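Just so it is clear: chains get the letters A, B, ... in the order the sequence lines come, proteins before strands, and each one is counted from 1. This is a predicted model, so every value here is computed, not measured.
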Amino acid sequence: MAQPILQIENLHKKFKDIEVLKGVDLSMQAGDVVSIIGSSGSGKTTLLRCVNMLEEFHQGRILIDNEEIGYSGPQHKARKESEIARQRAMTGMVFQQFNLFPHMTALRNITLGLTKVKKLPAEEANSIAEKWLARVGLRDRRDHYPGQLSGGQQQRVAIARAVAMNPKVMLFDEVTSALDPELVNEVLTVIKDLATEGMTMLLVTHEMKFAFEVSDRVVFMNQGRIEEEGPPEELFRKPKSQRLAEFLKSSKF
Amino acid sequence: MSELPQFASELWVSRWAIAQGLGTTILISMLAIVLGTILGTFVGLVLVYSRWVSRFLVRIYVDFVRGTPVFVLVLASFYLLSQIGIQLTAFQAGLFALVIFCSTHVGENLRGALLSLPRGQTEAAKAIGLTFPQLFVYVLAPQALRQALPAWINTATEMVKASTLLSVIGVLELLLVTKQIISRNFMSLEFYFTAGLIYFLIDYAIERAGKAVERRIALPT
């Protein structure tokens with residue numbers, strides 16, 4: 001088996017005294033699409049945020065392309081800010097609340113990272129950004145500000161902003177939860193397209209049908225642990241654990 | 001009605017004095033705003049981003065200055081600083097007081113603006129790999145400055161008004177010049193009104209200019 005692109009080993013995370021991740025192991029190959037499901041408070045969003053160091057963690061290791069993220073060595077020594085910033089660019093993240101920069105046009109939202117982090121010349125950054133805007137169907141919105149776009153359009157720009165950086169892994173954190181129902185599909189379609197093209201993706205989602213369709217593997221988290229993991233057909237059709245069965249029943253899949 | 005020609009001639013006689021007083025008022029106000037804004041920017045940044053010791057000290061500075069009348073600050077910097085061996089002219093002492101005052105307002109305002117930005121902005125900027133200095137310059141500051149501008153304009157007009165307090169320590173700004181003119185010709189109503197009108201025009205100009213800038217940088221929706 002090839003070297004995993006993302007490897008999470010024995011991850012522990014505490015908020016004050018409450019342990020929200022109690023030893024999580026997860027491994028992904030390049031091109032894998034993995035969905036994390038589970039009820040709120042199960043630690044799935046926290047797990048995702050640890051992967052790009054938006055959350056610190058206290059024990060365990062995360063490796064992306066064999067490089068340890070955020071910390072180094074058995075002493076779990078925190079890396080320098082500049083190192084962490086460089087490592088964060090190895091993943092792309094899309095947020096529930098879009099988080100576009102409201103004072104920048106759609107195009108500039110995408111080129112910011114390309115010019116300031118990747119140090120690309122402006123013309124190259126612009127052409128990459130335009131390519132991705134076209135890919136998410138927003139070629140004609142390049143000069144619009146986020147305030148002039150619908151939620152679905154904003155989220156598609158946010159996806160373009162993340163993938164334009166050419167990350168090794170894309171992280172999606174409940175990206176359709178803040179959208180009106182009629183706007184959900186345009187965003188899911190974009191994500192599906194990326195999946196078909198072989199983008200490595202880790203998704204936290206409440207869209208069970210979507211998780212079923214898009215994922216190579218589904219992970220069910222419960223109380224800070226991975227309770228069950230497997231191909232979507234098995235996990236959704238033949239849940240082994242009692243909790244997963246209950247969860248699936250209550251989430252109207 | 002016979003007083004109107006007399007007022008006109010008195011005004012003509014004192015035109016240079018008024019112009020000079022006006023010049024001093026504008027100079028003091030501008031220096032206070034510019035220096036106070038520079039100092040206030042540091043105050044705001046410390047209040048938001050520094051470690052607790054420096055944040056605590058600056059917090060005391062801000063609360064102390066904001067809890068003190070500007071007038072007392074002006075008197076204190078003129079009379080007290082010389083007591084401890086710092087010899088300042090009335091102009092310097094008055095300017096010092098105004099800069100201090102301005103810096104606390106700008107600092108608090110900037111702090112509020114920075115803290116009002118959603119956390120997601122910082123997170124999204126981090127997620128694409130920006131370092132803190134980069135994300136501050138490109139993401140946070142442009143948004144915070146838009147937020148802070150209306151209050152900053154308000155502070156600027158306050159500084160023009162506060163500059164009148166320097167008349168008490170003998171800085172020949174517009175109000176003190178006006179008083180001197182009145183002591184010569186006793187036309188207090190006319191000349192106080194004139195001074196009031198000039199102050200109004202300065203602040204009105206600042207407000208209009210500020211509104212114009214606000215419109216210019218407003219984000220399209």
Side-chain angles (χ1 to χ4, degrees), chain A residues 45 48-49 51-55 80-105 108-119 143-149 154 157-158 160-167 169-173 178, chain B residues 37 41 44-46 48-55 109-153 210-221:
Chain A
T45 286
L48 202 68
R49 289 164 58 88
V51 175
N52 69 353
M53 289 300 294
L54 286 181
E55 301 286 352
K80 286 192 309 218
E81 264 307 304
S82 56
E83 271 286 280
I84 291 178
R86 181 186 64 76
Q87 293 185 326
R88 281 196 181 112
M90 294 162 73
T91 56
M93 178 124 178
V94 184
F95 300 86
Q96 190 177 351
Q97 301 292 340
F98 330 138
N99 296 343
L100 288 182
F101 308 128
H103 58 300
M104 294 178 185
T105 61
R108 180 84 178 115
N109 261 280
I110 303 170
T111 57
L112 182 70
L114 296 171
T115 53
K116 304 303 172 193
V117 178
K118 298 211 146 187
K119 316 274 185 203
D143 296 323
H144 285 56
Y145 285 83
Q148 300 168 303
L149 301 172
Q154 289 188 54
V157 174
R161 173 174 72 179
V163 288
M165 295 292 289
N166 194 22
V169 181
M170 278 289 293
L171 309 169
F172 293 86
D173 185 12
Chain B
T37 299
T41 304
L45 291 178
V46 169
V48 179
Y49 296 115
S50 81
R51 286 169 199 281
W52 77 270
V53 183
S54 42
R55 194 169 68 229
N109 177 18
L110 182 61
R111 183 189 75 95
L114 282 169
L115 291 183
S116 75
L117 300 178
R119 273 180 71 89
Q121 289 294 306
T122 305
E123 293 184 348
K126 282 179 172 176
I128 56 174
L130 294 179
T131 59
F132 182 77
Q134 287 177 323
L135 79 88
F136 182 80
V137 170
Y138 299 116
V139 176
L140 301 183
Q143 297 185 59
L145 293 182
R146 278 187 178 81
Q147 290 248 6
L149 185 64
W152 184 82
I153 289 161
K211 286 279 183 300
V213 175
E214 269 176 55
R215 269 196 306 274
R216 235 193 107 83
I217 63 172
L219 297 173
T221 47

Exercise. If you count heavy-atom pairs under 4.5 Å between each of P220(B), A125(B), A127(B) and chain A, which one has the most?
Worked result: P220(B)
For this session: For T105(A) and D143(A), run side-chain hydrogen bond (donor to acceptor under 3.5 Å, both in side chains): C-alpha distance rounded to whole Å, both residues' side-chain angles, the deciding distance at 0.1 Å, then the answer.
Result: CA-CA 5 Å; T105(A) 61; D143(A) 296 323; 4.9 Å; no
For this session: Return the option, out of M104(A), K116(A), M165(A), with the maximum number of heavy-atom pairs under 4.5 Å with chain B.
Result: K116(A)
Exercise. Which bit of L130(B) is near chain A, if near means a heavy-atom gap under 4.5 Å: side chain, backbone, both or neither?
Worked result: both
Exercise. Which distance, rounded to the nearest 0.5 Å, do you find between the CZ of R108(A) and the CD1 of I110(A)?
Worked result: 11.5 Å
Exercise. Among A164(A), P102(A), S82(A), which has the most heavy-atom pairs under 4.5 Å with chain B?
Worked result: P102(A)
For this session: Please check if atom CZ in F101(A) has more than 12 non-hydrogen atoms from other residues, nucleotides or ligands closer than 6.0 Å.
Result: yes
Problem set entry | Spacing of I128(B) atom CD1 and N99(A) atom CG [to the nearest 0.5 Å] | 11.5 Å
For this session: Identify which of V94(A), N52(A), L112(A) forms the greatest number of heavy-atom pairs closer than 4.5 Å to chain B.
Result: L112(A)
Exercise. In terms of heavy-atom proximity below 4.5 Å to chain A, should Q134(B) be classed as side chain, backbone, both, or neither?
Worked result: side chain
Exercise. Can you tell me if Q143(B) uses its side chain to pair, donor with acceptor, with the backbone of V139(B) under 3.5 Å?
Worked result: yes
Exercise. Yes or no on salt bridge (charged side-chain N to carboxylate O under 4.0 Å, His left out) for R86(A) and E83(A), after CA distance, side-chain angles and deciding distance?
Worked result: CA-CA 5 Å; R86(A) 181 186 64 76; E83(A) 271 286 280; 3.5 Å; yes
Exercise. Does any heavy atom of chain B fall under 4.5 Å from the side chain of M90(A), the backbone, both, or neither of them?
Worked result: neither
For this session: Identify which part of I84(A) has an atom lying under 4.5 Å from any heavy atom of chain B, answering side chain, backbone, both or neither.
Result: neither
Exercise. Of all heavy-atom pairs between V46(B) and S54(B), which one has the smallest distance, and what is that distance?
Worked result: CG1-O, 3.7 Å
Exercise. Using non-hydrogen atoms only, which part of P118(B) is less than 4.5 Å away from chain A: side chain, backbone, both, or neither?
Worked result: neither
Exercise. Among T91(A), L149(A), L171(A), L100(A), which residue forms the greatest number of heavy-atom pairs with chain B at distances under 4.5 Å?
Worked result: L100(A)
